[in-house]
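Notes follow once the structure below has been shown.
Residue numbers start from 1 in every chain, and the chains themselves are labelled A, B, ... in the order their sequence lines are given, proteins ahead of strands.
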Amino acid sequence: MPKSILVIDDDNSMREIIQASLEITAGLRVILARSSDEGLAKAAIDQPDAILLDLMLPQMDGLTVLQMLRSNPLTQHIPIVLITAKARSLPRQQLAELDIQGTIAKPFKPAKLAEQLQKILGWDD
Amino acid sequence: MRILLVDDDTSTAATIKVALTQQNYVVDVATDGEVGWQMMEAFSYDLLLLDVMLPKLDGVSFCRRLREQKKSMPVMLLTARDTTSDKLSGLDSGADDYVVKPFDVLELTARIRALLRRGSNVTSPILECGKLRLNPSTREVTYNGLPLHFTRREYLLLELFLRHPSRVFSRSEIVDHFWDSNKEPPSEDTVKSYIKSIRRKLDAVGAIDWIETLYGQGYRINQSYFVSQEVATNANRSPEQSLNLTLQDLWQKNKAESFQRVMILEEAIAALHHSASETCLQTAVHQAHTLMGCLGTYGFVEASQIAEKIEALLESEYSIPKSTDRVKQLLIRLKQEIDFQPSLASPKLDYSEDTNSTPVVQANAKILLVDDDVQILAAIKALLQPLGLQVAGLNHPEQFWETLESIHPDLLILDLNMPNISGLELCQSIRSHIQWNWLPILFLTVQTDFTVIQKAYSLGADDYISKPIISEELLVRVLNRLRRCHTLLKSQPHF
């Protein structure tokens, strides 16, 4: 069974690019969510192996979604990688305090995304 | 569309199932040929995906038996074998297509779409030859990702060549294809001028002599381009090549959205010029931010950097009047970078976030969800409610009948394995109840044993989903079931 990634991003283009990148270059299974609510539901139902979460979501910001994922017994164990714009990257100190595996900066090179993600998640062994 | 996948490799089966489910197909999986055969006989499928090396009944024999019984549904064989004799024996058995493992999931899904289209007589999608791509549904033509503009007749001529990549068309045949027989046909020189114009446009982007002239016969695609296409569409295409092609397709498909974002950004900036509205500012910042990430990832590095500058200006010093002009100048440059086409961007009257189209189901359909796991109940409710569905969760099945009476649902989703009461018994009671025997029942189950699933169907279940649940599959099955009920209700005579 291939590893699965839940992608929570409100931008349609970005979701589709991420899906194509991860499926084609690494054969990962990608689950898509276009809003924070949909992401929270799918995380609990699909039980993905990891979550790629956009920090800047319109209705509920990424950090709130992160807290909710961590407080739900069905999702608290799932590794999370934040996807953020370089300019909006959080200070190192704040990142270290968050319960996340790492961050990926937007824009990214689609051909390198899977490699980057797998390295952060320790799936590259 | 319902697909039966018969594959004993559970990992491959799971991958295929997920990919197809995300494309709104309903997929049932069997892990040996005999079970697959039973399922094929029990249910109605639009397409069969059969692994060749199957226990109990191999894929080729399965297919042969199917055709002997005059069953005509499309069949695609999946196999690790890649020899001509294997392909021939597979196709001779009556299969419609053949995919060799390991395969690209996107290629597999595209071939499935093609097979299903063949059954429904819908025309095929993108036509390509080397770097030239023509999308008949949008009438867009690109060469190596660059958009090309053709007149209507030039476009039709190009499409004709691409649909018949090896055929030679004489000028008179071209005239027959495009000009109304009731009207005066054009001179052969007119055809010649169209060919010349197409060649000029293709030459300009590097496709030299794309149309070749066979003296005394006519025109066709230069076969050296056709050969390079054969190589490029081969299953051996590298992942990077596949990804690049997919990204080009995605940009063609989604660029209207980016253009729309540019337009919303432009409108918000114009509004900000007149009054400092916080909503407009937030909208502009959000659009600039999204454009920065999305355009940069598509490879528009300059455009992405411009969007980033706009975002920074808006956030930091927008109150300074001179920055209005600066932002406007940046917007002009951004539009140039992405070849902005206003006709593709339909401006929105408000600045609300875009949402994908929500599947249409009967308004306010009610669903009763019975599962002893409260967290699962909450998650499924959160998944279904945004679709406009009213979802009531029940984690104490002993209160089932009173809840049923008070909710009066259109669909019941039932956990098969609950601690105090069996889902199967509940299903049986519902089917024998005079008031509720019509209620559609969808089972959630950890069972993958076909005999249990078969029992559920024999007791009156309408559908089932095995846990762990795939949310996309759950959505498709719920919506399909509700649509079917709605159609049935509408077709019932009124008294």
Output the distance between atom [atom1] ([X]) and atom [atom2] ([Y]), rounded to the nearest 0.5 Å.
X	Y	atom1	atom2	answer
Lys106(A)	Cys294(B)	NZ	SG	8.5 Å
Ile45(A)	Leu475(B)	CD1	CG	7.5 Å
Asn254(B)	Met14(A)	CG	CE	11.0 Å
Asp54(A)	His289(B)	CG	NE2	6.0 Å
Asn12(A)	Arg261(B)	CG	CZ	8.5 Å

Under a 4.5 Å heavy-atom cut-off, does chain A meet the side chain of [X], its backbone, both or neither?
X	result
Leu383(B)	both
Leu247(B)	side chain
Lys253(B)	side chain

Tell me, side chain or backbone of [X] under 4.5 Å from chain B's heavy atoms, or both, or neither?
X	answer
Ile17(A)	both
Asn72(A)	side chain
Gln47(A)	neither
Leu113(A)	neither

**Glu240(B), CD atom: more than 12 neighbouring heavy atoms under 6.0 Å** = no
**Prompt:** Mind checking whether Ser13(A) and Leu250(B) have side chains closer than 4.5 Å, heavy atoms only?
**Reply:** no
**Prompt:** Are any non-hydrogen side-chain atoms of Met292(B) and Pro107(A) less than 4.5 angstrom apart?
**Reply:** yes
Compare every heavy atom of [Y] with every heavy atom of [X], then report the nearest pair and how far apart it is.
X	Y	answer
Pro239(B)	Ile24(A)	O-CG2, 3.3 Å
Val285(B)	Met56(A)	CG1-CE, 4.5 Å
Ala379(B)	Ala41(A)	O-CB, 3.4 Å
Arg29(A)	Ile470(B)	NH2-CG1, 4.0 Å

**Prompt:** Side-chain donor-acceptor pair under 3.5 Å between Thr290(B) and Asp11(A), yes or no?
**Reply:** no
**Asked** Are Asp10(A) and His286(B) close enough that a side-chain donor and a side-chain acceptor fall under 3.5 Å?
**Response** yes
**Request:** Pick whichever of Leu295(B), Ile469(B), Ile376(B) has the most heavy-atom pairs under 4.5 Å with chain A.
**Result:** Ile469(B)
**Message:** For the interface with chain A, which of Leu243(B), Thr297(B), Asp9(B) has the highest count of heavy-atom pairs at distances below 4.5 Å?
**Reply:** Thr297(B)
**Message:** As an exercise: rank Gly27(A), Ala33(A), Ala43(A), Pro110(A) by heavy-atom pairs under 4.5 Å with chain B and give me the winner.
**Reply:** Pro110(A)
